[in-house]
Structures are given as structure tokens and as C-alpha cells.
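This report refers to the structure that appears directly beneath it.
Side chains included, hydrogens not; waters and symmetry mates left out as well; all remaining heavy atoms used.
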Amino acid sequence: MTAPKPREVFIHGVTRDGRTFRPSDWAERLAGAMSSFRPGGSQGINARIGYSPLCVPRVLGSVKCVLVSERLRDIEPMAWDFVMHFARDNQLQIAEACLLPVPYDRAGPL
């Protein structure tokens, strides 16, 4: 039996009253602040600059979002709280979901 896949939380760049959240690079800034929180921690000299797989910016349709894995809560509860409080304090819409992998064939994405 396998463990259930952790859920993801989508923080949408739209406030509860329907306004687009500003500044326009908010998703990249938030994900950048969380970049050091990675499974297994930083990898010393082999560490790369980039987003943590636990907190990544995305665009869904035309809306900027940040996809946050609930595994972040297990690795660093204070980082999880920071992200969730950011969304709450800025009245951003939140949705729980599970991001499905993109199906591929030999020619690329289907």
C-alpha cells in the first residue's frame, strides 16, 4: 500500500472581491522567498538557484498562482504558516487540488 499523495494548495492572484492582485510579480516573489525549503534541505555546493518544488509560481488560464505542496508543512511549519497567512492577509482566493501530471507520448505533451 502506498502513502496518499500530498495535496496542493493553489493561491490565486485574484482577491475574494475579484480584483487582480498586485504587484504583477507577486507569485515569483512569494515562491522565491520559499526557494530554500526543499525536500532533503539544501544540497551544499551542488545547490542550484531556483524555486522549491514545494512552492512554485504558475499561470492557470490568465491568472497568476502559486502552487504550494502540503509537504511544506511537514518540512517547515513556519514556512507553511507564512504562505497561508500571506494569502489570508491579502484576501487571495485559495483552492485545494491535486495537480495532475501532463500525459506525454514520444512526440511530446498530448
Side-chain angles (χ1 to χ4, degrees):
M1 182 175 243
T2 61
K5 182 179 179 193
R7 294 174 307 178
E8 289 98 10
V9 174
F10 289 88
I11 302 174
H12 297 265
V14 177
T15 61
R16 288 187 207 125
D17 62 1
R19 290 181 291 122
T20 300
F21 186 64
R22 298 285 180 222
S24 62
D25 65 344
W26 73 270
E28 292 84 0
R29 289 184 189 197
L30 181 59
M34 297 291 109
S35 64
S36 63
F37 299 104
R38 300 172 179 274
S42 63
Q43 304 300 317
I45 197 162
N46 295 321
R48 300 178 306 144
I49 296 174
Y51 297 118
S52 166
L54 305 176
C55 186
V56 292
R58 292 281 186 255
V59 176
L60 298 175
S62 61
V63 178
K64 284 202 172 190
C65 301
V66 173
L67 174 62
V68 184
S69 172
E70 76 175 355
R71 290 187 305 159
L72 180 61
R73 182 184 317 152
D74 299 329
I75 291 172
E76 182 50 64
M78 289 177 64
W80 172 266
D81 289 343
F82 174 81
V83 172
M84 293 298 108
H85 288 138
F86 174 88
R88 184 196 65 206
D89 293 346
N90 290 291
Q91 299 182 358
L92 297 176
Q93 297 178 18
I94 297 175
E96 289 186 18
C98 182
L99 190 63
L100 298 174
V102 176
Y104 282 86
D105 68 5
R106 291 177 186 225
L110 297 177

Within the structure provided, determine whether [X] and [Y] are in side-chain contact (heavy-atom separation under 4.5 Å).
X   : Y   : result
L30 : F82 : yes
F86 : L92 : yes
V68 : M34 : no

Please name the pair of heavy atoms, one in [X] and one in [Y], separated by the smallest distance, quoted to 0.1 Å.
X   : Y   : answer
C65 : L60 : SG-CD1, 3.8 Å
W80 : R73 : CZ2-NH2, 3.1 Å
H12 : W26 : C-CZ2, 4.0 Å
A87 : I11 : CB-CG2, 3.8 Å
C55 : A31 : O-CB, 3.5 Å
N90 : T15 : O-CG2, 3.8 Å

Give me each pair satisfying salt bridge (charged side-chain N to carboxylate O under 4.0 Å, His left out) with a member in residues 75-95, each pair once, sequence neighbours excluded.
none
Qualifying salt bridge (charged side-chain N to carboxylate O under 4.0 Å, His left out) pairs with a residue from residues 10-35, counting only residues at least two apart or across chains:
D17-R19, D25-R29, E28-K64
Does one hydrophobic cluster hold both [X] and [Y], with members joined at side-chain heavy-atom distances below 4.5 Å?
X   : Y   : answer
Y51 : F10 : yes
V14 : L67 : no
V83 : I75 : yes
M84 : V66 : yes

With rounding to the nearest 0.5 angstrom, report the CE to NE2 distance, M78 to H85.
11.0 Å
